[in-house]
**Q** 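Here's a structure for you.
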Amino acid sequence: MQDAHLNLIDGMWLPGDHLIQNRNPSDQSDLIGHYAAGTASDVDRAAQAASAALPDWQAKGPLARAELLDRIARRIDEEAAVIGRMLAREEGKILPEAIAEVRRAAQVFRFFAGEALRLPGEAIASVRPGVDVEVMREAVGVVGLITPWNFPAAIPAWKIAPALAYGNAVVLKPAELVPGTAHLLARIIHEEGCPPGIFNLVMGPGSVVGQAMVEHPLIVAISFTGSVPTGRAIARAAALGMKRVQLEMGGKNPMVVMDDADLDTAVAACLNGAFFSTGQRCTASSRLIVQSGIHDAFVERLTKEMLALRVGPALAEDSQIGPVVSVAQLQVNLDYVALARTEGCEVIGGERLNGPTDGFFQRPALFLNASNRMRISREEIFGPCAAVIRVGDFDEALEVANDSEFGLSAGICTNSLTYARAFRHRVRAGMVMVNLPTAGVDFHVPFGGTKGSSFGPREQGRHAVEFYTTVKTAYCFAG
Ligand code: ADP
């Protein structure tokens, strides 16, 4: 087939055992292309090649790796418009957001180009005379990266870049819904001179390719971003193989709005945090916890601005919110909208919309008069839906914010230094925002959560070294 996009294994473009169609969620008549679906034997071939290529790769030293990552960053920037268009087409994010995500991927590669030259270590005095002790960091080996559909450029980038920077070899499996962006990234990595076997792309179903990666004895570490059930299954399987794992899973992120908040700031933060990118961010604000004094004014303004958001095709110039990623996810969202009514909320928006094209469009939704006990306040929806929970004071707001099995991101809108400080210290989340949306993070600092949201060392920034390297303690006695 002419438009067949193949897997990259050992520096060669190879077919899997069948092809998967990639279609545009803004317009189902738009067939983006056919992508190879790999098998367990493709994973085996990639892992063997990666393992065999490692010694030469590590012998090249950090400068070669830094230069490679820098070249990749430059190429991603040069091709940002093309990659961004692919991303918008296959994932549904509006084009400006898609291009911004691609630029962020370039920034991540550039950041880790620098980090490759700053591999940390320590010299510590020995307790024994004449002995020197050095604590060194070394690559882990062959790492398996399993990524979700909601950030098809940024998430692969923030896993691939540190993996390569610290001298590992990679097998990447992108989500089935978004192979196109990963394929463009793979082509760049390959063409910019990554040695054969050091970076492998194996596309295909999670239950086949993903599972084979988790079970493969040569893949010694798995970094995964995705849903809670899959994350848990990977953790169990990885434990059997004694692999290290890093899991980024769900969120049910609280955004507290205090009576003293600036209303413009609070509405803007909630509108962005809850609905931008169609709410398809694990850091999206899905519980708006609002103090009673500001509640009605806040709800009135947010409702007005939410209903004014223009929902439409990702590539249309005037769209502010793109489609839901798939018909299956749209159905999940619509079921939660119905559940919100059953649980007693007043629902604003949330209905399926007819767009100019055959896409999965949905009006963003607010679930008013929600309580934190309802399922719509406890389960991650992963769509443009937010519950509004009314509270009396700061202590109640904090208690509600913390009453969740998740702990990824949390925010507060307030002008009180006292509340802001107390919230930063007492909220149980990996990331905390004051007067900012819960979503939207810097690319050079740690990303991750507490409780059921994350497991293992943090991603991004200098903290990525924890997962992608292992420590060796070297003793030396010169006689
Ligand atoms: P979502 O519901 O958002 O698609 P998933 O957790 O199902 O989240 O998917 C995230 C990634 O995990 C995808 O790349 C998917 O193919 C992969 N995946 C799904 N099931 C498995 C599995 N059993 N083992 C390994 N990876 C899997």
Side-chain angles (χ1 to χ4, degrees), residues 7 16 18 20 22 25 35-40 42-44 46-47 90-93 143-160 170-183 185-186 200-216 219 221-241 243-252 277-284 286 324-333 335-336 360 379-384 406 408 452-456 459:
N7 288 321
H18 65 282
I20 297 181
N22 185 4
Y35 289 81
T39 61
D42 292 319
V43 170
D44 182 49
E90 68 177 354
E91 197 267 351
K93 205 166 274 182
V143 299
L145 311 179
I146 300 176
T147 53
W149 50 260
N150 64 330
F151 284 92
I155 294 181
W158 82 50
K159 295 182 193 294
I160 298 165
V170 167
V171 180
L172 169 71
K173 193 210 88 66
E176 295 90 311
L177 289 172
V178 292
T181 308
H183 199 273
L185 288 179
N200 303 275
L201 172 75
V202 186
M203 300 173 287
S207 55
V208 178
V209 175
Q211 190 157 338
M213 286 166 65
V214 175
E215 289 171 358
H216 200 288
I219 298 180
I222 296 282
S223 178
F224 163 87
T225 303
S227 65
V228 174
T230 309
R232 289 207 175 124
I234 288 176
R236 274 193 295 272
L240 287 178
K243 292 179 203 297
R244 67 169 66 185
V245 278
Q246 177 181 57
L247 308 173
E248 288 300 339
M249 299 170 288
K252 195 71 191 174
S277 301
T278 322
Q280 298 177 150
R281 299 185 281 189
C282 47
T283 47
S286 46
V324 175
V325 73
S326 67
V327 71
Q329 182 64 50
L330 176 62
Q331 193 53 53
V332 169
N333 298 352
D335 288 348
Y336 273 111
F360 310 126
E379 298 171 12
E380 185 178 46
I381 301 175
F382 225 71
F406 297 109
L408 187 56
S453 290
S454 307
F455 183 81
E459 299 203 75

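Order of appearance sets the numbers: ligands from 1, and atoms from 1 within every ligand.
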**Q** Heavy-atom distance under 4.5 Å between the side chains of Lys159 and Thr225, does that happen here?
**A**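 Yes, at least one pair of side-chain atoms sits under 4.5 Å.
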**Q** I need the Tyr35 OH to His183 NE2 distance, nearest 0.5 Å.
**A** 7.0 Å
**Q** Are side-chain heavy atoms of Asn150 and Phe382 found at a separation under 4.5 Å?
**A**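 They are in side-chain contact.
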**Q** Side chain to side chain contact (heavy atoms under 4.5 Å, CB included), that's the test. Do Leu172 and Met203 meet it? Break it down for me.
**A** CA-CA 8 Å; Leu172 169 71; Met203 300 173 287; over 6 Å; no
**Q** Taking non-hydrogen atoms within less than 4.0 Å of ligand 1, which protein residues qualify?
**A** Ile146, Thr147, Trp149, Lys173, Pro174, Ala175, Glu176, Gly206, Gly210, Gln211, Phe224, Thr225, Gly226, Ser227, Thr230, Ile234
**Q** Would you mind telling me which of Val209, Ile222, Ile155 makes a side-chain contact (heavy atoms from CB on, under 4.5 Å) with Ile146?
**A**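 That would be Ile222; it is the only one of Val209, Ile222, Ile155 passing the side-chain contact (heavy atoms from CB on, under 4.5 Å) with Ile146.
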**Q** Here's a test for you: under side-chain contact (heavy atoms from CB on, under 4.5 Å), which of Val228, Leu408, Leu247 qualifies with Ser453?
**A**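 Going through Val228, Leu408, Leu247 one by one, the side-chain contact (heavy atoms from CB on, under 4.5 Å) with Ser453 is satisfied by Leu408 alone.
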